Amino acid sequence: MAEVKKDKGPKLADPIESTIDLATQEMITRSHKLGVETVFDRALNMKQCNIGLQGICCKNCAMGPCRLPLPKGGIEGEDTRKGLCGATANTIAARNFIRMIAGGAAAHSDHGRSVAEVFMAAARKESDAYTIKDTEKLLAVAPHLGVAVTVEVDGETLDRDIDEIALEVGEKALNEWGKADGELLYLKRAPQPLYEKWEKYGVKPRNIDREIVEIMHRTHMGVDQDYKNLIKQGTRACLADGWGGSMLATDLQDILFGTPYPLQSEANLGVMKKDHVNIIIHGHEPVLSEVIVAVAQSQEMIDYAKSKGANGIQLGGICCTANEMLQRHGVPTAGNYLQQELAIITGACDAMVVDIQCIFQNLANVAKCFHTKLITTHPIARMEQENVIHIEFNEHYALEDATRIVKMAIDNFENRDADVMIPQHKSAQIAGFGVESIKYHLGGTFRGTYYTLNDNIINGRIRGIAGVVGCNNARTKHNEHHITIIKELIKNDVIVLSTGCSAITAAMHGLLTPEAAAVYCGPGLAEICETVGIPPVLHLGSCVDNSRILLAATEVVKAGGLGNDIADLPAAGSAPEWMSEKAISIGHYFVTSGVYTVFGGTLPTFGAPVFQDYLFKEMEKMYGGMWDVTEDPIEHAHKMIAHIDKKRKELGIDK
Ligand code: CUV
């Protein structure tokens, strides 16, 4: 990225080279004026380690780190590179790769576990703040966990008591993390041929925690030294994420807080209001944000804010907490991953409340320059800086904790400096999609009427389905690849399902509106979007909600006409600006669920060509899906479209 010319000191990021978003450009300029450093500047001054980037630095023991750079001009003949113990580049890259899967699967699954624990508290009626809200979803989920929804009494079939079902669902769900035998119950939700592939290759997860622990064991010095066997364990663990921890998180959150249905909201920093108390919630777990939303909307708190001179309370979200609050309550999205520091730099953020994952430690340094209270809330996610306030959130005292946090923000309103600058950029968005609502909007089923997804894929109005998900990365121009790829896909009649920061990005740039169809879509997709009134990009929620994409794909398969397995669908996955370990876990569970998946930027496999080939080519023979990577966003979209066309041809619907 280009820099702003300056005489001495660290380089400063050029706003226009750093992002395609106007609000972000304005805030980067302001950060320089105020002398506050952000991630955009740090990305210029911190050089990346090329060997680590390629996945071939082994630091799993103290004889190393052993670095195995690729010789200039590539490898001719035998690859003789090895670490002190003899570990090859393939072993090292595979170990590093599956450790990333372990990190990602652990993050999603531990989040799921927290939700399951809160679910149990609600089922046991131990909490004022949480109840079983969506009983319809409870009844839909129960059979997948082996929980009966009816009982036989004297030869008569009766509905079972809801509280009883909830308790048993909670117990069965929690058991998935550590049960002693069997396999994950949700695996059976997949199309039968996919389940059989997992069985054939011996990758069915036994329980969620075990697969993650086993990665740490196998990658310890001197254990598993066969890249194929290593990635096999990576597959087990990522499936335990996608079809386990993440899917349970989504289901239990829906039952506790409500299944999302389409609603209208706004996105970008412009959602903050100068005359309101602004509370920004950032992180991932809706367990906290749900209660904050309820408290902040209470008349008592609104009156309290007014008594302090504000006109009300404005909530805004960042990262996946934003998606959770948006999907269920229409709370506007303040920004995506790379905008977290910028929300504080407006000078109008009275409190930033964070829970887990994707939170910059530098928020504390930025907050120090403003009046913003930075509040950590989770016992496993604290910050060392002294200005950070820790209010530990506990499901049994959730209302008290949330009230304390909201009050603290209100009390801080009067400490604001006069120098406030909220960028006046925001876009309207329709969000809140899920398997249930996609089906509803497209004719109540996936097949059989003029509007349904399957029929329109078969007749070619919709060319295929793309899942475009994942983070921002300060090594890529902010938002540019997400938007370029999504626009290219919808221009070619590919409908996009999106989650995470990618969905936030699409919202910021106006792609989550039905009106976007006429402007950006090819004629077939435009016709469908206009007829049924949906955006060409459907926001399916947070990163754990990628499980919704797995289930949507499964429903499409089961509806018929497009093959027997996810791998048969004209579909592809994408993470244009990925950065987190979670993205690697998601990418790998997409691949091993049969989806061709393209990542933007780089992958930590470049330094081990044999291992990389295994991921990029051999995987397809086993699961029908495979990895790919490219730096060019247009090529990225066309790789996906080419795969979609290949699948259409195989299905005989390419006319
Ligand atoms: Ni969980 S993981 S930056 S917030 S999508 Fe956003 Fe999504 Fe990546 Fe993090």
Side-chain angles (χ1 to χ4, degrees), residues 19 21 24 39 43 100-101 103-112 114-115 238 241-242 245-247 249-250 253 267-268 280-289 316-327 333-343 352-363 378 381 431 467-476 478-479 481-483 485-486 497-508 539-549 573-590 597 599-601:
T19 173
D21 169 50
T24 304
V39 62
M100 293 183 84
I101 292 178
H108 286 144
S109 301
D110 219 28
H111 163 174
S114 298
V115 176
C238 76
D241 174 355
S246 283
M247 200 171 278
T250 298
Q253 285 172 181
N268 212 344
I280 302 289
I281 324 263
H282 171 26
H284 282 77
E285 274 187 12
V287 164
L288 163 81
S289 55
I318 289 187
C319 280
C320 281
T321 297
N323 293 327
E324 301 283 3
M325 297 193 298
L326 166 72
Q327 296 286 91
T333 310
N336 57 21
Y337 176 67
L338 286 181
Q339 292 174 291
Q340 51 187 289
E341 293 163 307
L342 309 181
M352 182 174 277
V353 188
V354 301
D355 51 73
I356 46 162
Q357 301 167 25
C358 301
I359 297 150
F360 288 175
Q361 185 166 2
N362 198 58
L363 287 180
H378 206 289
V468 185
V469 308
C471 327
N472 299 119
N473 183 324
R475 304 290 176 183
T476 306
H478 174 239
N479 289 1
H481 288 197
H482 285 295
I483 295 305
I485 290 164
I486 293 175
L497 311 182
S498 190
T499 62
C501 288
S502 188
I504 298 178
T505 306
M508 287 164 63
H539 190 328
L540 266 73
S542 67
C543 292
V544 293
D545 293 334
N546 282 316
S547 62
R548 296 190 203 275
I549 299 183
S574 157
E577 303 177 19
W578 79 280
M579 63 85 206
S580 73
E581 290 171 322
K582 292 179 285 179
I584 294 290
S585 182
I586 294 166
H588 201 56
Y589 75 61
F590 268 101
T597 303
F599 269 40

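Remember, it's 1-based here, ligands and their atoms both numbered in the order they're listed. Computed from a predicted model, the values in this text were never measured in an experiment.
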>> Applying side-chain hydrogen bond (donor to acceptor under 3.5 Å, both in side chains), can you list everything that pairs with Asp110, at least two apart in sequence or on another chain?
In response: Arg113
> Given the rule in the side chain to side chain donor-acceptor pair (under 3.5 Å) test, do His284 and Lys582 qualify, once you have shown the distances and angles that lead to the verdict?
Replying inline: CA-CA 12 Å; His284 282 77; Lys582 292 179 285 179; 3.1 Å; yes
Is the side chain of [X] donor-acceptor paired with the backbone N or O of [Y] at a distance under 3.5 Å, no angle test?
| X | Y | answer |
| --- | --- | --- |
| Gln339 | Asn336 | yes |
| Gln340 | Ile359 | no |
| His282 | Cys358 | yes |

> Which is it for Gln357 and ligand 1 at heavy atoms under 4.0 Å: side chain, backbone, both or neither?
Replying inline: neither
> Of all the N, O or S atoms in His284, which one sits nearest to atom 1 (Ni) of ligand 1?
Replying inline: NE2
>> List ligand 1 atoms under 4.0 Å from Met579, heavy atoms only on the residue side.
In response: 3 (S)
> What number of protein N, O or S atoms occur at distances under 2.8 Å from atom 6 (Fe) of ligand 1?
Replying inline: 1
>> Quick check for you: to the nearest 0.5 Å, what is the distance between Asp355 atom CG and Ser289 atom OG?
In response: 7.0 Å
> Asp545 versus Arg548: any side-chain heavy-atom pair under 4.5 Å?
Replying inline: yes
